[in-house]
Amino acid sequence: MRKPMQTGLIVAAILAVLTITEYLFATHVEDDLVRFLGITVSALGKAVLIIYYFMHIYRLWRPQEAH
């Protein structure tokens, strides 16, 4: 099992790669449909990662811990 810091760094690196991908699609792709699809897929991927790992949405479906 990974440490939380290691997981956070991996997710941050993936977010950086997706951001670079978005930039490259926006600046270097001539076809409008391909540009739109590339940027959209990248943005959705980033949204999923942020919601899952940094906003901890998966905790909504876990049983509640006793306090």
Specify the closest pair of heavy atoms between Val29 and Arg35, including all atoms of both residues, with the distance to one decimal. O-NH2, 2.6 Å
Over 60° means perpendicular and under 30° means parallel, so classify the ring planes of His28 and Tyr23, tilted if in between. perpendicular
Answer yes if Leu15 and Met55 sit in the same cluster of Ile, Leu, Val, Met, Phe, Trp and Tyr residues linked by side chain heavy atoms under 4.5 Å apart, and no otherwise. yes
Do Phe25 and Val34 make a side-chain contact, defined as non-hydrogen atoms from C-beta onward lying under 4.5 Å apart? yes
In this structure, CD1 of Ile14 is separated from OG1 of Thr19 (nearest 0.5 Å) by 11.5 Å
Note: Ser42 and Leu18 closest approach over all heavy atoms is OG-O, 2.8 Å
Does Ile50 share a hydrophobic cluster with Ile10, counting links as ILVMFWY side-chain heavy atoms below 4.5 Å and allowing steps through other members? yes
Decide if atom CZ of Phe54 counts as having more than 12 heavy atoms of other residues, nucleotides or ligands within a radius under 6.0 Å. yes
Using modelled atom types and a 3.5 Å cut-off, is there a donor and acceptor pairing between side-chain atoms of Thr40 and backbone atoms of Phe36? yes
Is it possible for you to say whether Ile20 and Leu49 belong to one hydrophobic cluster, with membership spreading through side-chain heavy-atom contacts below 4.5 Å? no
Same cluster or not: Ile51 versus Tyr58, using hydrophobic residues (I, L, V, M, F, W, Y) connected whenever any side-chain heavy atoms lie under 4.5 Å apart? yes
Nearest-0.5 Å distance, NZ of residue Lys3 to CG of residue Leu9: 11.5 Å
Hydrophobic clustering (ILVMFWY, side-chain heavy atoms < 4.5 Å, transitive) - are Leu44 and Ile39 grouped together? no
NE2 of His56: more than 12 outside heavy atoms within 6.0 angstrom? yes
